[in-house]
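The block underneath contains the structure these notes are about, expressed in structure tokens.
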Amino acid sequence: MQATVSLSSSEAEWIALSEAVKEIVFVVQLLRDIGIKVDTPVIVKVDNIGAIHMAENVTSGARTRHIEIRTKFVREYNNDNRTDPLIKIVFCKSEDNISDICTKNLSRELHEKHSKTLVGKVDWNKWTSK
């Protein structure tokens, strides 16, 4: 749950991305501390071009200034100039975004596609009425 009010969908996605990066940093550090090797960069799929642009664009405008700390935090771990960047942000089309099954109303086709990905093959005819 976000404790901040977002003024745009890109900003909401950006805030969610920064929260995801915080979790990734924690989990990767925890695993490394207990001796488990973690392959990096960790791929973070984002379905909002505006949020990706905020992650890659070094300049910030007046509209994004209030999230500047989050911006610096995400860029620090996404920086391609680092010898070992922790994350790599990649674009994911909405129709390929599995998490949409939990957050959006999907067409039957997309719902079935994502369900199969999450729980394996399902005989949908068994569950539908004839």
Side-chain angles (χ1 to χ4, degrees):
M1 187 169 108
Q2 287 180 202
T4 309
V5 176
S6 302
L7 300 175
S8 69
S9 61
S10 293
E11 191 175 308
E13 291 277 350
W14 175 254
I15 292 169
L17 172 62
S18 68
E19 291 297 318
V21 171
K22 285 196 299 188
E23 294 293 325
I24 291 167
V25 170
F26 172 76
V27 170
V28 167
Q29 189 59 51
L30 177 68
L31 292 171
R32 287 178 175 169
D33 285 348
I34 60 174
I36 297 174
K37 183 182 180 299
V38 178
D39 292 331
T40 56
V42 175
I43 304 300
V44 180
K45 295 181 180 180
V46 179
D47 67 353
N48 186 288
I49 301 267
I52 294 172
H53 181 70
M54 282 188 237
E56 295 172 349
N57 189 6
V58 178
T59 62
S60 64
R63 293 188 62 145
T64 58
R65 193 160 290 137
H66 64 287
I67 55 173
E68 194 153 331
I69 293 172
R70 288 179 190 268
T71 302
K72 289 179 181 176
F73 178 77
V74 172
R75 287 186 188 141
E76 177 182 340
Y77 292 103
N78 186 47
N79 190 348
D80 290 333
N81 296 328
R82 290 174 54 140
T83 55
D84 184 26
L86 183 64
I87 64 167
K88 178 177 175 78
I89 299 171
V90 297
F91 177 71
C92 178
K93 295 187 286 186
S94 270
E95 58 263 16
D96 297 329
N97 190 350
I98 298 168
S99 66
D100 280 355
I101 197 170
C102 301
T103 61
K104 295 180 181 168
N105 292 325
L106 300 176
S107 67
R108 180 180 178 147
E109 294 78 23
L110 276 179
H111 190 275
E112 288 177 2
K113 173 186 172 186
H114 295 327
S115 295
K116 287 177 185 176
T117 303
L118 289 173
V119 296
K121 282 216 170 220
V122 175
D123 182 6
W124 292 103
N125 294 324
K126 179 180 173 182
W127 299 100
T128 57
S129 60
K130 295 183 180 185

task: Could you tell me which non-hydrogen atom of E95 sits nearest to which non-hydrogen atom of H114, and how far apart they are?
output: O-CE1, 3.2 Å

message: Strictly below 4.0 Å, N to O, side chains only: are D39 and K37 in salt-bridge contact?
response: yes

message: To check you understand the geometry: which heavy-atom pair defines the closest contact between G50 and N48, and what is its length?
response: N-OD1, 3.0 Å

message: Please tell me whether F91 and I89 are part of a single hydrophobic cluster in this structure, the criterion being side-chain heavy atoms less than 4.5 Å apart.
response: yes

field: Shared hydrophobic cluster, V25 / V27 (ILVMFWY, side-chain heavy atoms < 4.5 Å)
entry: yes

field: More than 12 heavy atoms from other groups under 6.0 Å of CG on D33
entry: yes

query: Does R108 pair with E112 as a salt bridge, N-O distance under 4.0 Å?
result: yes

- line: For E13 and A51, the nearest pair of non-hydrogen atoms, with its separation, is CB-CB, 3.8 Å

- prompt: At their closest point, which heavy atom of I52 faces which heavy atom of V46, and how far apart are they?
  reply: CD1-O, 3.8 Å

field: Same cluster (ILVMFWY, side-chain, under 4.5 Å), I43 and V21
entry: no

- request: Kindly give the heavy-atom pair with the smallest separation between S115 and I101, and that separation in Å.
  value: OG-CD1, 3.2 Å

message: Please determine whether side-chain contact (heavy atoms from CB on, under 4.5 Å) holds for the pair I87 and I24, giving the CA-CA distance in whole Å, both sets of side-chain angles, and the decisive distance to 0.1 Å.
response: CA-CA 8 Å; I87 64 167; I24 291 167; 4.0 Å; yes

- line: d(I98 CD1, L110 CG) to nearest 0.5 Å is 11.5 Å

- request: Could you grab the distance from atom CG of D96 to atom CG of D47, nearest 0.5 Å is fine?
  value: 10.5 Å

